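See below for the structure under consideration.
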Amino acid sequence: MPLRIVQLGSPRIDGEGVRIGAVRRPPRGVPKAQFALQDWYDVWYPNLAPSAETVKQAQQASSPRAWEAFGKKYRSEMATPEQRHTLALLARLSHDAYFSVGCYCEDATRCHRSILRDLLAEAGAQWA
């Protein structure tokens, strides 16, 4: 039962399951009742997103070194006991349920979801 990492707002894949929005803010200008219908997400879980300060750091990262600094900071935010429990839960659920986790960014390599994917893999997630 695989887990997928997706770009929110992209068309859903058959059998994708519940889509979790790992973003700090809901999509702008979209009524809450339309989030799932427009393929944004079914459940908003901002706990998986970087803090607002760390999001700014990612947006300003113009070099590989700056991106690495962002990644280090995001990983430290995700290292709290609460976040480790969330990662462990999602990793375990990936063995028994279909679901996806995503963010809005077009380029997954320059988005926290690439790091989140690594964190979930380290926690033992099963991938599509």
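For clarity, every value in this text was computed on a predicted model and none was experimentally measured. Excluded from the calculations below are hydrogen atoms, water molecules and symmetry mates; all remaining heavy atoms, backbone and side chain alike, are included.
Ala88 is linked by a side-chain contact (heavy atoms from CB on, under 4.5 Å) to nothing, counting only residues two or more places apart in sequence or in another chain. By the side chain to side chain donor-acceptor pair (under 3.5 Å) test, Lys73 pairs with Glu53, sequence neighbours left out. Partners of Thr54 according to the side chain to side chain donor-acceptor pair (under 3.5 Å) rule, which considers only residues two or more places apart in sequence or in another chain, are Ser51, Glu77. Remark: Ala125 engages Leu3, Ala91, Ser94, Leu120, Trp127 in a side-chain contact (heavy atoms from CB on, under 4.5 Å) (not counting sequence neighbours). Shown here are the side-chain contact (heavy atoms from CB on, under 4.5 Å) partners of Ser62, two or more places apart in sequence or in another chain: there are none. For Leu89, the side-chain contact (heavy atoms from CB on, under 4.5 Å) partners two or more places apart in sequence, or in a different chain, are Leu93. With sequence neighbours excluded, no residue forms a side chain to side chain donor-acceptor pair (under 3.5 Å) with Thr80.
Applying the salt bridge (Lys or Arg N to Asp or Glu O under 4.0 Å) test to every pair with at least one member in residues 119-128, sequence neighbours left out, gives these pairs: Arg75-Glu122. For residues 102-114, the side chain to side chain donor-acceptor pair (under 3.5 Å) pairs, not counting sequence neighbours, are Asp107-Thr109.
In this structure, Leu48 and Val101 have side chains that are in contact, with non-hydrogen atoms separated by less than 4.5 Å. Put simply, the side chain of Phe99 reaches to within 4.5 Å of the side chain of Leu90, judged on heavy atoms.
Put simply, the side chain of Glu16 never gets that close to the backbone of Tyr98: no donor and acceptor are under 3.5 Å apart. Here the side chain of Arg4 pairs no donor or acceptor atom with the backbone of Ser100 at under 3.5 angstrom. Between the side chain of His95 and the main chain of Gly124, a donor-acceptor pair closer than 3.5 Å is present.
The distance from the CE atom of Met78 to the CG atom of Leu116 is 5.5 Å, given to the nearest 0.5 Å. In this structure, the separation between SG on Cys111 and CH2 on Trp67 is 6.5 Å, given to the nearest 0.5 Å. The line from CG of Asn47 to CG of Leu87 is 10.5 Å long, rounded to the nearest 0.5 Å.
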Which pairs of donor and acceptor atoms, one on a side chain in residues 22-42, lie under 3.5 Å apart (sequence neighbours left out)?
{"from": "Arg24", "atom 1": "NE", "to": "Pro50", "atom 2": "O", "distance (Å)": "2.9"}
{"from": "Arg24", "atom 1": "NH2", "to": "Pro46", "atom 2": "O", "distance (Å)": "3.2"}
{"from": "Arg24", "atom 1": "NH2", "to": "Ala49", "atom 2": "O", "distance (Å)": "2.9"}
{"from": "Arg24", "atom 1": "NH2", "to": "Pro50", "atom 2": "O", "distance (Å)": "3.0"}
{"from": "Gln38", "atom 1": "OE1", "to": "Trp40", "atom 2": "NE1", "distance (Å)": "3.2"}
{"from": "Asp39", "atom 1": "OD1", "to": "Arg12", "atom 2": "NE", "distance (Å)": "2.9"}
{"from": "Asp42", "atom 1": "OD1", "to": "Arg12", "atom 2": "NH2", "distance (Å)": "3.1"}
{"from": "Asp42", "atom 1": "OD2", "to": "Arg12", "atom 2": "NH1", "distance (Å)": "2.9"}
{"from": "Asp42", "atom 1": "OD2", "to": "Arg12", "atom 2": "NH2", "distance (Å)": "3.4"}
{"from": "Asp42", "atom 1": "OD2", "to": "Arg19", "atom 2": "N", "distance (Å)": "2.7"}

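A continuous path of ILVMFWY side-chain contacts below 4.5 Å connects Phe70 to Ile5, so both sit in one hydrophobic cluster.
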